[in-house]
*Asks:* 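This is the structure I want to talk about, given as structure tokens.
Computed from heavy atoms alone, side chains included, the values below leave out hydrogens, waters and symmetry copies. Owing to the predicted nature of the structure, the values given are computational and were not obtained by experimental measurement. In listed order, ligands and their atoms are each counted from 1. Each residue takes its place number in the sequence, starting with 1.
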Amino acid sequence: MKNILLLGATGSIGKSVLSVISQNKDKFNLIGIAFNTNISIAQKIINDFLPKYVHIDDHDCFIKQTDNKNLSFMSGDSNLENLIKLDEVDIIVCATSGFAGLKAMYFAATTGKKILLANKESIVAGGDLIMPLAKKYNSNIVPIDSEHNAIFQCLSGENATEDVQKVIITASGGPFLNYSISDLENVTLEEALNHPNWSMGNKITIDSATLVNKCLELIEAKYLFDLDEQIFQLVVHPQSIIHSIVTYKDGSSICQMSAPDMRVPIANGLSESNRIPISFDELNFTSLNLSFQEFPKDRMEIQNIARQICNNGSNYGVVFNAANEIAVDSFINGQIKFSKIYEVIYRTFNKNNVSNDLSLDSINDIDKETRIEAKKVVKSISN
Ligand code: NDP
Ligand code: MG
């Protein structure tokens with residue numbers, strides 16, 4: 001029996017992880033959860049899975065509203081670190097959204113445990129800090145972002161990444177597939193949140209609509225697989241059936257396919273020597289109609305920023321990520337139009353001088369400073 005600590009338990013990935021656990025109760029036990037504010041979902045998880053530990057910063061409020069006498073409540077960063085480092089915890093799932101997930105990844109990287117990584121922002125912002133730490137402490141980071149889990153599966157069993165010629169990361173294209181930048185001028189929040197294939201949290205759904213998600217994923221992939229940026233190609237595949245493709249130097253291309261359901265990469269991430277059984281929608285190969293198209297040319301500027309970050313280091317990723325988080329929040333709050341998300345990113349990115357210090361404190365400082373800059377840009381262009 002493996003004990004799972006689920007960070008971001010009340011979110012969309014959290015829900016999929018819980019579904020995989022509940023289908024495999026003989027193999028996995030939910031020992032702890034962490035979340036931010038969503039008390040009603042957390043209470044249901046506690047009732048259904050009986051975890052021992054709950055991490056929530058505003059725990060007084062939670063305790064007042066609930067009657068869970070047997071639970072250990074924790075709050076604050078040092079208790080998050082203690083929780084992650086408990087001997088009882090075997091597997092840590094990092095599924096907090098946004099930059100807020102970085103500190104947990106930082107603590108997790110030093111444990112030598114298995115880490116299921118959904119929180120791409122922590123690698124975009126902290127790849128140069130986290131990856132060497134994970135290597136030093138022998139922590140096993142297994143990606144559960146669908147594209148990265150696909151690459152992970154396509155690479156497994158191979159001796160060396162030097163045999164890899166190309167890695168194709170697929171993108172659904174989101175709700176605005178085939179829209180040009182000018183078509184995006186007047187799209188609404190409701191339209192942007194209406195993803196055709198995936199049901200996800202709001203932030204990643206907007207990232208998917210702008211295609212910034214794919215740029216974050218390019219940086220994430222560069223760090224996770226330690227491959228040159230030029231090896232990666234971003235390709236639009238509207239059906240979201242092939243989650244990524246690895247082409248080897250002998251001419252073979254290996255891909256991973258499944259219906260778009262995050263429980264598939266999560267089950268793969270949890271598997272050891274055997275695959276974890278789950279219920280899933282089988283692909284009907286005789287009716288599949290798969291298509292591919294180029295990443296839109298009018299989004300090359302944003303892709304080039306991601307490629308620049310791959311080559312210049314993750315402190316530039318901190319700036320990119322923070323600018324994007326502020327831009328997405330500002331769009332969701334109605335302060336800027338959808339198409340202005342790009343402008344906030346470009347203007348903020350070009351303004352910042354980035355330090356080479358790779359400490360967590362420095363990353364936090366760059367993040368804070370960038371958010372201030374990005375908010376100024378938002379103010380200057382807001383509706
Ligand atoms: P959601 O918004 O659905 O859930 C986010 C989770 O993080 C919630 O549990 C939320 O708690 C918690 N959280 C947010 N901020 C904080 C904070 N400051 N402190 C503690 N907990 C916090 O996001 P998703 O599940 O969609 O995404 C999670 C991560 O996984 C993201 O990095 C995303 O990019 C990545 N990912 C998601 C995919 C998906 O299909 N959803 C696919 C691939 C990657 P609360 O509910 O209380 O606010
Ligand atoms: Mg993805």
Side-chain angles (χ1 to χ4, degrees), residues 5-19 32-46 54-59 61-62 74-77 79-80 83-84 93-105 107 115-126 143-152 169-174 193 195 197-208 210-221 224 234 237 240 242-244 256 258-266 269 321 324-325 328-329 332 364 367:
L5 170 63
L6 178 53
L7 312 174
T10 50
S12 161
I13 291 285
K15 188 176 171 190
S16 294
V17 172
L18 293 170
S19 169
I33 61 170
F35 64 104
N36 194 21
T37 55
N38 205 327
I39 288 176
S40 58
I41 295 184
Q43 185 60 65
K44 185 161 183 338
I45 297 170
I46 291 164
V54 173
H55 188 282
I56 170 176
D57 277 333
D58 192 359
H59 70 299
C61 161
F62 190 81
M74 299 172 147
S75 63
D77 289 355
N79 279 324
L80 179 65
L83 178 58
I84 286 170
V93 183
C94 291
T96 306
S97 60
F99 183 81
L102 174 67
K103 58 192 173 206
M105 258 317 273
F107 299 140
I115 304 163
L116 262 57
L117 172 75
N119 177 250
K120 63 193 78 181
E121 295 89 345
S122 61
I123 298 299
V124 171
I144 55 172
D145 201 341
S146 56
E147 297 77 2
H148 304 74
N149 183 263
I151 299 167
F152 175 77
I169 303 178
T170 57
S172 67
L193 287 175
H195 197 287
N197 304 345
W198 298 97
S199 162
M200 311 181 282
N202 284 354
K203 193 259 174 183
I204 183 174
T205 305
I206 301 301
D207 285 346
S208 191
T210 54
L211 298 181
V212 168
N213 184 46
K214 223 35 61 178
C215 299
L216 297 170
E217 291 188 351
L218 168 63
I219 304 166
E220 181 189 9
L224 289 177
L234 305 183
H237 164 51
S240 297
I242 292 186
H243 300 293
S244 279
Q256 185 268 339
S258 67
D261 178 344
M262 287 308 293
R263 288 174 296 187
V264 175
I266 290 165
N321 181 66
N324 180 52
E325 287 194 18
V328 170
D329 267 359
I332 291 176
N364 281 323
D367 175 76

*Asks:* Can you count the protein N, O or S atoms that lie less than 2.8 Å from the Mg ion (ligand 2)?
*Replies:* 3
*Asks:* Indicate yes or no: at least one non-hydrogen side-chain atom of N119 is less than 4.5 angstrom from one of I13.
*Replies:* no
*Asks:* Would you say that I204 contacts S97 through its side chain, given a criterion of any heavy-atom pair below 4.5 Å between the two side chains?
*Replies:*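 They are not in side-chain contact.
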*Asks:* I'd like a table of the close N/O pairs between ligand 1 and the protein (anything under 3.5 Å), one pair per line with both atom names and the distance.
*Replies:*
unit_1	atom_1	unit_2	atom_2	d
ligand 1	3 (O)	S12	N	2.9
ligand 1	7 (O)	S97	N	3.3
ligand 1	9 (O)	G8	O	3.3
ligand 1	9 (O)	T10	N	3.2
ligand 1	9 (O)	T10	OG1	2.6
ligand 1	9 (O)	G11	N	3.2
ligand 1	11 (O)	T10	OG1	3.2
ligand 1	11 (O)	N36	N	3.1
ligand 1	25 (O)	S12	N	3.1
ligand 1	25 (O)	I13	N	2.9
ligand 1	26 (O)	G201	N	2.8
ligand 1	32 (O)	N119	ND2	3.4
ligand 1	32 (O)	E121	OE1	2.6
ligand 1	41 (N)	S12	OG	3.2
ligand 1	46 (O)	T10	OG1	2.6
ligand 1	47 (O)	T10	OG1	3.4
ligand 1	47 (O)	N36	N	3.0
ligand 1	47 (O)	T37	N	2.6
ligand 1	47 (O)	N38	N	2.7

*Asks:* T10 and N38: side-chain donor and acceptor closer than 3.5 Å?
*Replies:* no
*Asks:* Are the side chains of K120 and H148 in touch, meaning some heavy atoms are under 4.5 Å apart?
*Replies:* no
*Asks:* Is any side-chain heavy atom of Q256 closer than 4.5 Å to one of V264?
*Replies:* yes
*Asks:* Passes side chain to side chain contact (heavy atoms under 4.5 Å, CB included), L117 versus D145? Steps please.
*Replies:* CA-CA 7 Å; L117 172 75; D145 201 341; over 6 Å; no
*Asks:* Test F35 against every option in V54, I41, L6 by the side-chain contact (heavy atoms from CB on, under 4.5 Å) rule and name the one that passes.
*Replies:*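 Exactly one candidate clears the test, V54.
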*Asks:* K103 and N364: side-chain donor and acceptor closer than 3.5 Å?
*Replies:* no
*Asks:* Determine whether more than 12 heavy atoms belonging to other residues, nucleotides or ligands lie under 6.0 Å from atom NZ of K203.
*Replies:*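 Yes.
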